[in-house]
Amino acid sequence: MSPINVAIAGGTGNLGVPVTRAFLSSAFHPSQVNRVVVLTRDASSAKAQELQSLGAEIYGGPVDAKALQGIDVVVNTYSQYLPPEVSDDLAKAAAEAGVKVYFPSEYGMDLRSLGKYGKPYEGKTIAADFARQLNGGALKVVSVYVGAFLEILFRYPMALGIDLPNRVFTAIGDPAARFSSSSIINIASSIVRLAILAVHDPSSVPDHARLNGTAFSMAELAELVGKEQGAQIQINVGDLEAVKTKIENENDKIALALYAMGTGGMDYSDNNVNELVNPNESLWKWVAIEGEVKRTKGLVSF
């Protein structure tokens, strides 16, 4: 199989940097990945220069079809806070340039399993659907769902009902409902694998790809944290109906996360692409919640 050429939009951002590094890693580059082009607004930034030193091409000009000539894969890691037309223009340029595979800026929850409660993030679905309609559907579009970023999930524990000082965890819905989370490094490697596979055999990669780096419930998390801290964690159950109302009336994204976590709507233990991208964990080890709880001394040093 010929090495692929890839462009990462927003390649100097929080997700873009690890994704770029993954494409440039010796595991894939140069044997399976040839050119790695970083599309950035600031080609002179420290991050851009660092990635260039690793072998990336840095492009700071207008992102149009000319800029994407010869590119097989475009990975969109733009921030969700950018205007929607930025991602639409990127997808149009990719389609016009003859790019084979496009990854929309997704990397969150699979809204298909959340029904009407997925509304706070419906812009992501609209953007992905727009890309799928380009060139009569000739552009292979792969939406990657990770649940939550493991490194970010517990950054603001109180928002998730995790009161560490008082050792009280409040679950919305079922405390035994599991939810999925993946580490950024595992997400990045998975994107590389999906890109390589999709270029050479589009049918081998689903249009909607779920990852399950690790899955756990609030009850399991409380047990792990309690064991690490040497203390009992109390589990309370919050008001699911109030959370649903907040989603519907306020488009609240934190409420949506709580709803998904407490109803099983973010559990990707089944129907995921783990084995496709990392057969028998032969390429990397998935970062598990047990290790993260221990590393952070019971979530204290996240």
Side-chain angles (χ1 to χ4, degrees), residues 1-11 15-16 19-20 22-23 28-29 31-39 59 63-78 80 84-113 121 123-146 182 186-212 268 271-279 283:
M1 296 189 296
S2 301
I4 67 172
N5 298 320
V6 60
I8 298 101
L15 180 59
V19 167
T20 303
F23 274 105
F28 304 110
H29 177 76
S31 60
Q32 299 176 73
V33 177
N34 181 25
R35 295 176 61 207
V36 178
V37 181
V38 171
L39 309 177
Y59 178 79
V63 180
D64 51 22
K66 183 178 180 180
L68 298 177
Q69 287 297 319
I71 295 297
D72 300 304
V73 179
V74 170
V75 181
N76 182 349
T77 65
Y78 283 148
Q80 61 177 302
E85 56 266 24
V86 174
S87 285
D88 289 349
D89 289 346
L90 175 66
K92 285 190 287 187
E96 186 179 339
V99 168
K100 298 173 183 176
V101 181
Y102 175 72
F103 289 83
S105 183
E106 182 54 65
Y107 323 115
M109 292 175 274
D110 185 350
L111 302 183
R112 298 174 303 162
S113 61
Y121 283 112
K124 290 186 174 185
T125 301
I126 293 170
D129 288 345
F130 172 81
R132 288 188 169 93
Q133 296 168 6
L134 297 171
N135 283 4
L139 178 64
K140 173 74 174 180
V141 178
V142 182
S143 296
V144 178
Y145 310 111
V146 305
S182 295
N186 288 166
I187 294 167
S189 296
S190 297
I191 291 171
V192 177
R193 283 280 293 155
L194 289 168
I196 294 168
L197 292 168
V199 167
H200 296 296
D201 182 6
S203 65
S204 70
V205 174
D207 294 341
H208 301 272
R210 290 175 161 187
L211 294 177
N212 181 56
Y268 308 150
N271 189 25
N272 58 59
V273 296
N274 284 28
E275 279 301 302
L276 176 66
V277 298
N278 186 23
L283 300 178

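In this text the structure is predicted, and so the values were computed from the model without any measurement. Residue indices begin at 1 and follow the sequence shown.
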So OH of Tyr78 and OG of Ser87: to nearest 0.5 Å the spacing works out to 7.5 Å
Side chain to side chain contact (heavy atoms under 4.5 Å, CB included) test vs Leu39 passes for just one of Ile8, Val75, Leu68, namely Leu68
Review point. Is the shortest heavy-atom distance from the side chain of Val33 to the side chain of Ile196 under 4.5 Å?
Key: yes
Q) Counting distance only, does the side-chain N/O of His29 pair as donor-acceptor with the main-chain N or O of Ala22 below 3.5 Å? A) no
*asked:* Between Tyr268 and Met109, is there a side-chain heavy-atom distance shorter than 4.5 Å?
replied: yes
Next item on the list: Using atom types as modelled and distance alone, determine if a side-chain donor or acceptor of Asn5 lies under 3.5 Å from a backbone N or O of Gly70.
Entry: yes
Any heavy-atom pair between the side chains of Arg112 and Thr125 that's under 4.5 Å? no
Heavy atoms of Leu276 and Pro206 approach each other most closely as CD2-CD, 4.1 Å
In the structure I gave you, are the side-chain heavy atoms of Asp89 and Val63 within less than 4.5 Å of one another anywhere? no
More than 12 foreign heavy atoms under 6.0 Å from CD of Glu96: is that the case here? no
On a heavy-atom basis, the closest approach of Val142 and Ala209 is CG1-CB, 4.2 Å
Within a strict 4.5 Å, meaning less than it, do heavy atoms of the Asn186 and Leu211 side chains meet? no
The side chain to side chain contact (heavy atoms under 4.5 Å, CB included) partner of Leu197 among Val192, Val273, Val205 is Val205
CZ (Phe130) and CG (Asp88) are apart, to the nearest 0.5 Å, by 4.5 Å
Is the shortest distance from a Lys or Arg side-chain nitrogen in Asp207 or Lys140 to a carboxylate oxygen in the other one below 4.0 Å? yes
Next on the checklist: Contact between Ile191 and Ile187 at the side-chain level, heavy atoms closer than 4.5 Å - yes or no?
Outcome noted: yes
Review point. Going by heavy atoms in the side chains, are Val141 and Pro104 under 4.5 Å from each other?
Key: yes
Taken to the nearest 0.5 Å, the spacing of Arg35 CZ from Phe23 CZ works out to 13.5 Å
Exactly one of Val277, Val101, Val199 clears side chain to side chain contact (heavy atoms under 4.5 Å, CB included) with Leu194, and that residue is Val277
Look at the side chain of Ser105 and the backbone N and O of Thr77, then say whether any donor-acceptor pair between them is shorter than 3.5 Å.
no
Here the pair of heavy atoms bringing Lys124 nearest to Glu106 is NZ-O, 2.9 Å
Closest non-hydrogen atoms of Val37 and Tyr59, given as atom of the first, atom of the second and distance, are CG1-CB, 4.1 Å
Minimal heavy-atom distance between Val74 and Ile71, with the atoms involved, is CG2-CG2, 4.1 Å
Taking every heavy atom of Leu139 against every heavy atom of Tyr102, the minimum-distance pair comes out as CD2-CB, 3.7 Å
Do Arg193 and Asn278 have side chains that get closer than 4.5 Å, going by heavy atoms?
no
